[in-house]
A.B. asks: 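Structure below; questions to follow.
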Amino acid sequence: MTQAQAKVNKAPAKTAITPTRAENFPEWYQGVIKAADLSENSPVRGCMVIKPYGYALWENIQRALDDKIKAVGVQNAYFPLLIPLSFISREAEHIDGFAKECAVVTHHRLEKGPKGNLIPSPDAELEEPFIIRPTSETIIGDSMAKWIQSYRDLPLLLNQWANVMRWEMRPRMFLRTTEFLWQEGHNAFATKQEAIDDMMKMLHVYNDVYENYLAIGGIMGEKTSDERFPGADNSITIEAMMQDGKALQACTSHNLGQHFAKSFNIQYQGTDGQMHTCHTTSWGFSTRSVGGLIMSHADDDGMVMPPKIAPHQVSIIPIVKDDGAAVIAHCQKLAARLKEKGIRVHLDASDARSSDKMWSAIKKGVPLRVEIGQREMDEGNLTHIRRDLGRDSKTTVGENEFIGTVQAVLDAMQADMLKRSRDFTRGNIHEMKTLADVDAFFKGDGVGFCKVDTNLTMNDPEGFKKLKSEHAISHRCMPFEDEGRKVLLGKSY
RNA sequence: CGGAGCAUAGCUCAGCUUGGUAGAGCGCUACGUUCGGGACGUAGAGGCCGGAGGUUCGAAUCCUCUUGCUCCGACCA
């Protein structure tokens, strides 16, 4: 037996995260968030504190998406957090959808109550309460109505990065929090076709970010009517499959038709001299994507960050004996060279033990870990390990060679992660002929989505309703590739 | 908002049945030996036992009421 084999054999099966994915997926998910230092619960139920490392991740995602949004000609703006109650009531379906989860601001002053505690002052009750935005269609619609006069003002393409609130019964970190961060785009057009094209275009922008940055290969498709956004004619989505086979609605893009335009008088005078009602779209992408990232890629040792959005792409860990000043100085030079190449590099020069530094980098999902000890320094070498492949990928190379190939290594990891995500998703979509097959599938703890003819569930609403409640499944989407003939069914977050 | 669990040190938990005034492991601090997939020794710091009542000479422990968290479901990005 070689030394290497002996080492592998006695290597502990211990994982950094307990329980493991197989043992308890929801608890594992929370364990990863904690171990990777992404976020934590706040004193306010349903809200979370996004910690610096988690926020750096969100900023990287945000930057990638923001650049693409601007590249298609959309302008950023900012609209108020508070929305007059009367606004939200104007679109009937919209209010039906959101009324249950709106936080309401009713007072503008506090005063000392009878027990010496602070209470909202009874004299300071607002005549018209405000709601905290659950989404901004209405208040942006109000502005659009003012800003659009002529066909020359169209299209009007607006986006805002904001926080929104939806009072959640069952919060889950990143996936469903009462307050969350997102971008919401709101565009107005002269014609129906332009709006439909825009809805489609923005979903493809999202898909670009999901595939090429988050390395998640989801399924683009249209929502069935029962899953549509309140107040939309069409809703389209990316449904991503998590490692436990459940679906995550990764983002949405809506064709709002003329519903909001009519409610808010978004009109333009056409070349014909007549007044016409606009067609609007809205599209959103939230911090939920971070939850999707975790459930797509993390493993039993913690987070795995796709290189393109990783806060640290390379973590350099000096393996030091005694004071190690020479090795650390050497690592600093290497870090500077990598930085020059545009690599986001983190040098762990803390006085923690080497093994602790390694595990910290593993749990945080740093794509590439670089280890340099005294002897390697003397020889001009370094050792690097890919996070997604683990110790099997441990490679020792010359430092100059590494500088030349590091970007390619990161690119390869990024590509591999996307491929694994796509293969997993495609491999767990099961085509079925009858609802009885679907029933049997979920009864047998089947993992993934079922794909059936759309008319199977549409023509048998009672049968589908039963299936839905028995297995907690729902229509996920009608994949574009099937042109509406097929629908995916699955459990979801 | 229904159903089920759980609240004791930063974390994971023991102690509760049979009341007697606070424990372990990990983590943290200092020093020393260590450091290539989770080290060890020594010495320390750290808790009005989720909160409020009640029973009692005495409550982490028994009773009542609350609040929070987790999971499952309904609702939703």
Side-chain angles (χ1 to χ4, degrees), chain A residues 3-4 7-8 10-16 18-19 24-27 29-31 34-35 40-46 96-102 134-135 164-184 206 223 226-230 235 237-240 247-254 282-292 301 317-324 327 351-363 369-376 381-385 390-392 394 396 468-472 474 491-493:
Chain A
Q3 251 188 330
K7 211 170 195 175
V8 168
K10 78 166 195 193
K14 193 172 158 190
T15 57
T18 48
N24 187 333
F25 200 82
E27 278 188 40
Y29 172 75
Q30 295 184 85
K34 193 172 169 185
E40 60 189 30
N41 273 320
S42 82
V44 182
R45 178 182 157 75
D96 278 354
F98 285 110
K100 297 182 290 296
E101 46 194 75
C102 279
T135 178
V164 289
M165 282 203 123
R166 297 179 188 177
W167 214 264
E168 289 296 342
M169 296 304 177
R170 191 180 164 199
R172 292 184 226 194
M173 209 93 79
F174 289 111
L175 299 173
R176 183 169 294 108
T177 46
T178 293
E179 179 188 13
F180 61 93
L181 307 183
W182 75 346
Q183 74 44 235
E184 46 177 322
Y206 290 151
K223 285 286 185 189
D226 55 329
E227 300 283 334
R228 216 179 266 152
F229 178 77
S235 285
T237 180
I238 300 171
E239 291 291 325
L248 184 73
Q249 181 175 306
C251 55
T252 46
S253 182
H254 314 288
S282 72
W283 29 281
F285 180 112
S286 75
T287 36
R288 169 179 258 199
S289 58
V290 174
D301 282 331
I317 297 171
I319 309 293
V320 294
K321 293 185 168 64
D322 306 320
D323 76 336
V327 177
D351 65 352
R353 287 201 335 276
S354 306
S355 53
D356 288 340
K357 295 184 198 180
M358 286 176 207
W359 281 102
S360 166
I362 292 168
K363 287 187 283 194
R369 190 165 87 246
V370 168
E371 300 174 4
I372 303 182
Q374 178 74 46
R375 192 177 39 174
E376 277 170 327
N381 287 335
L382 56 76
T383 296
H384 60 83
I385 302 98
R391 63 175 92 169
D392 294 342
K394 193 178 261 203
T396 301
K468 234 178 130 164
S469 63
E470 270 176 29
H471 301 296
S474 55
K491 299 176 196 259
S492 74
Y493 280 97

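Residue numbering restarts at 1 for every chain, and letters A, B, ... go by the order of the sequence lines.
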A.B. asks: Could you measure the distance from the OG1 atom of Thr287(A) to the CD atom of Gln183(A)? Nearest 0.5 Å is fine.
C.D. replies: 11.5 Å

A.B. asks: Name the nucleic acid region contacted by Ser355(A), choosing base, sugar-phosphate or nothing; use a 4.0 angstrom heavy-atom cut-off, strictly under.
C.D. replies: sugar-phosphate

A.B. asks: Using whole Å, report how far CD of Glu470(A) lies from C1' of A74(B).
C.D. replies: 16 Å

A.B. asks: For U61(B), which nucleotide in any strand shown is its Watson-Crick or wobble partner with both distances under 3.5 Å?
C.D. replies: none

A.B. asks: Could you give the CD-to-P distance, from Glu27(A) to C69(B), as a whole number of Å?
C.D. replies: 16 Å

A.B. asks: Between Lys491(A) (NZ) and C75(B) (P), how many Å, whole number?
C.D. replies: 14 Å

A.B. asks: Measure from CZ on Arg172(A) to C1' on G73(B) and round the result to the nearest Å.
C.D. replies: 10 Å

A.B. asks: Checking Glu168(A) against Leu175(A) for the side chain to side chain contact (heavy atoms under 4.5 Å, CB included) test, could you report, in this order, the C-alpha distance in whole Å, the side-chain angles of both residues, the deciding distance, and whether it holds?
C.D. replies: CA-CA 11 Å; Glu168(A) 289 296 342; Leu175(A) 299 173; over 6 Å; no

A.B. asks: Which part of the nucleic acid, if any, lies within contact of Gly284(A), taking any heavy atom under 4.0 Å across all strands shown: a base, the sugar-phosphate backbone alone, or nothing?
C.D. replies: nothing

A.B. asks: Calculate the interatomic distance between Glu168(A) atom CD and C76(B) atom C1'; express it in whole Å.
C.D. replies: 5 Å

A.B. asks: May I ask which nucleotide in the shown strands pairs with U55(B), Watson-Crick or G-U wobble, both distances under 3.5 Å?
C.D. replies: none

A.B. asks: Categorize Leu175(A) for me: base, sugar-phosphate, or nothing, with a 4.0 angstrom heavy-atom threshold over every strand shown.
C.D. replies: base

A.B. asks: Looking only at side-chain N and O atoms, does Gln30(A) come under 4.0 Å of OP1 or OP2 in C69(B)?
C.D. replies: no

A.B. asks: Scan Val320(A) against the nucleic acid and name what it touches under 4.0 Å (heavy atoms): base, sugar-phosphate only, or nothing.
C.D. replies: base

A.B. asks: Return the pairing partner of A77(B) with a 3.5 Å limit on both distances, Watson-Crick or G-U wobble; otherwise return none.
C.D. replies: none

A.B. asks: When rounded to the nearest Å, what value does the distance between P atoms of U34(B) and G44(B) take?
C.D. replies: 25 Å

A.B. asks: Rounded to whole angstrom, note down the C1' distance from C48(B) over to A9(B).
C.D. replies: 14 Å

A.B. asks: Establish, with yes or no, whether the OP1 or OP2 oxygen of U70(B) is under 4.0 angstrom from a side-chain nitrogen or oxygen of Asn24(A).
C.D. replies: no

A.B. asks: Could you work out the separation of G46(B) and A22(B) based on their P atoms and round it to a whole Å?
C.D. replies: 14 Å

A.B. asks: Can you measure from NE2 (His384(A)) to OG1 (Thr396(A)) and round to the nearest 0.5 angstrom?
C.D. replies: 8.0 Å

A.B. asks: Taking the nucleotide of RNA chain B with the closest heavy atom to each, which residue, Lys100(A) or Asp301(A), is nearer the 5' end?
C.D. replies: Asp301(A)

A.B. asks: In whole Å, I'd like the distance from the OH atom of Tyr493(A) to the P atom of C75(B).
C.D. replies: 17 Å

A.B. asks: Of the options G38(B), A74(B), A77(B), whose atoms approach the side-chain atoms of Arg166(A) most closely?
C.D. replies: A77(B)

A.B. asks: Asn41(A) has a side chain; which of A77(B), C76(B), C69(B) sits nearest to it?
C.D. replies: C69(B)

A.B. asks: Under 4.0 Å, heavy atoms only, any strand: does Arg375(A) hit a base, just the sugar-phosphate, or nothing?
C.D. replies: nothing

A.B. asks: From A77(B), C1(B), G36(B), pick the nucleotide closest to the side chain of Met169(A)?
C.D. replies: C1(B)

A.B. asks: If you check the Lys34(A) side chain, which of C76(B), A77(B), C11(B) turns out closest?
C.D. replies: C11(B)

A.B. asks: Taking pairing as Watson-Crick or G-U wobble with both contacts under 3.5 Å, can you name the mate of G32(B), or confirm there isn't one?
C.D. replies: C40(B)

A.B. asks: Where the side chain of Gln249(A) is concerned, which of G37(B), A74(B), A77(B) is the nearest nucleotide?
C.D. replies: A77(B)

A.B. asks: Looking at every strand, decide which applies to Thr177(A) at a 4.0 Å heavy-atom threshold: base, sugar-phosphate, or nothing.
C.D. replies: base

A.B. asks: Taking CG from Leu248(A) and P from C76(B), how many angstroms apart are they, rounded to a whole number?
C.D. replies: 16 Å

A.B. asks: For the P atoms, the ones on A77(B) and on U61(B), what distance do you get once it is rounded to whole angstrom?
C.D. replies: 45 Å

A.B. asks: Using a distance-only test with no angle check, is there a side-chain donor-acceptor pair under 3.5 angstrom linking Thr252(A) and Thr237(A)?
C.D. replies: no

A.B. asks: Between A74(B), C76(B), G37(B), spot the one nearest the side chain of Ala472(A), thanks.
C.D. replies: A74(B)

A.B. asks: When the distance from CD1 of Ile319(A) to P of G38(B) is rounded to whole Å, what number comes out?
C.D. replies: 12 Å

A.B. asks: Could you work out which one of C76(B), G37(B), G36(B) sits closest to the side chain of Arg176(A)?
C.D. replies: C76(B)

A.B. asks: Using the C1' atom in both, what is the distance from G15(B) to C76(B), to the nearest Å?
C.D. replies: 43 Å

A.B. asks: Using a heavy-atom cut-off of 4.0 Å across all strands, would you classify Thr135(A) as base, sugar-phosphate, or nothing?
C.D. replies: nothing

A.B. asks: Identify whether the distance between the nearest side-chain nitrogen and carboxylate oxygen of Lys223(A) and Glu239(A) falls below 4.0 Å.
C.D. replies: yes

A.B. asks: How long is the span from the CE atom in Met169(A) to the OG1 atom in Thr178(A), to the nearest 0.5 Å?
C.D. replies: 9.5 Å

A.B. asks: G5(B) pairs with which nucleotide, Watson-Crick or G-U wobble, both distances below 3.5 Å?
C.D. replies: C69(B)

A.B. asks: Let's test this: given Watson-Crick or G-U wobble pairing with both distances under 3.5 Å, identify the partner of U12(B).
C.D. replies: A24(B)

A.B. asks: What I'd like to find out is whether the side chain of Trp182(A) reaches to under 4.5 Å of the side chain of Arg288(A), using heavy atoms alone.
C.D. replies: no

A.B. asks: What contact category does Ala16(A) fall into here, base, sugar-phosphate, or nothing, at under 4.0 angstrom with non-hydrogen atoms?
C.D. replies: base

A.B. asks: Are the side chains of Asp96(A) and Pro230(A) in touch, meaning some heavy atoms are under 4.5 Å apart?
C.D. replies: no

A.B. asks: P atom, A74(B) versus G68(B): distance in rounded Å?
C.D. replies: 24 Å

A.B. asks: Please report the distance separating the C1' of G5(B) from the corresponding atom of A52(B), rounded so that it comes out in whole Å.
C.D. replies: 23 Å

A.B. asks: Considering non-hydrogen atoms only, spot the tightest contact between Thr177(A) and Arg172(A) and give its length.
C.D. replies: CG2-O, 3.7 Å

A.B. asks: Verify the stacking flag for Phe180(A) against A77(B): centroid separation must be under 5.5 angstrom and the ring planes must differ by under 30 degrees.
C.D. replies: yes

A.B. asks: Counting only side-chain heavy atoms from C-beta out, which of G36(B), U70(B), A77(B) sits nearest to Glu371(A)?
C.D. replies: G36(B)

A.B. asks: For Trp359(A) and G38(B), say yes or no: do the ring centres fall under 5.5 Å of each other while the ring planes differ by less than 30°?
C.D. replies: yes

A.B. asks: When you measure only distances, ignoring hydrogens and angles, does the side chain of Thr383(A) come within 3.5 Å of the base of G36(B) through a donor and an acceptor?
C.D. replies: yes

A.B. asks: Closest to the Lys363(A) side chain: G38(B), A77(B), C35(B)?
C.D. replies: G38(B)

A.B. asks: Applying a 3.5 Å limit to both distances, which nucleotide forms a Watson-Crick or G-U wobble pair with C49(B)?
C.D. replies: none

A.B. asks: Any side-chain N or O of Arg45(A) less than 4.0 Å from the OP1 or OP2 oxygen of C69(B)?
C.D. replies: yes

A.B. asks: Please compare Ser469(A) and Gly390(A) by the position of their nearest nucleotide in RNA chain B and report the one closer to 5'.
C.D. replies: Gly390(A)

A.B. asks: Taking atom types as modelled, find out whether Ser492(A) and Gln249(A) have a side-chain donor-acceptor pair closer than 3.5 angstrom.
C.D. replies: no

A.B. asks: Expressed in whole Å, how much space separates the P atoms belonging to C26(B) and A7(B)?
C.D. replies: 22 Å

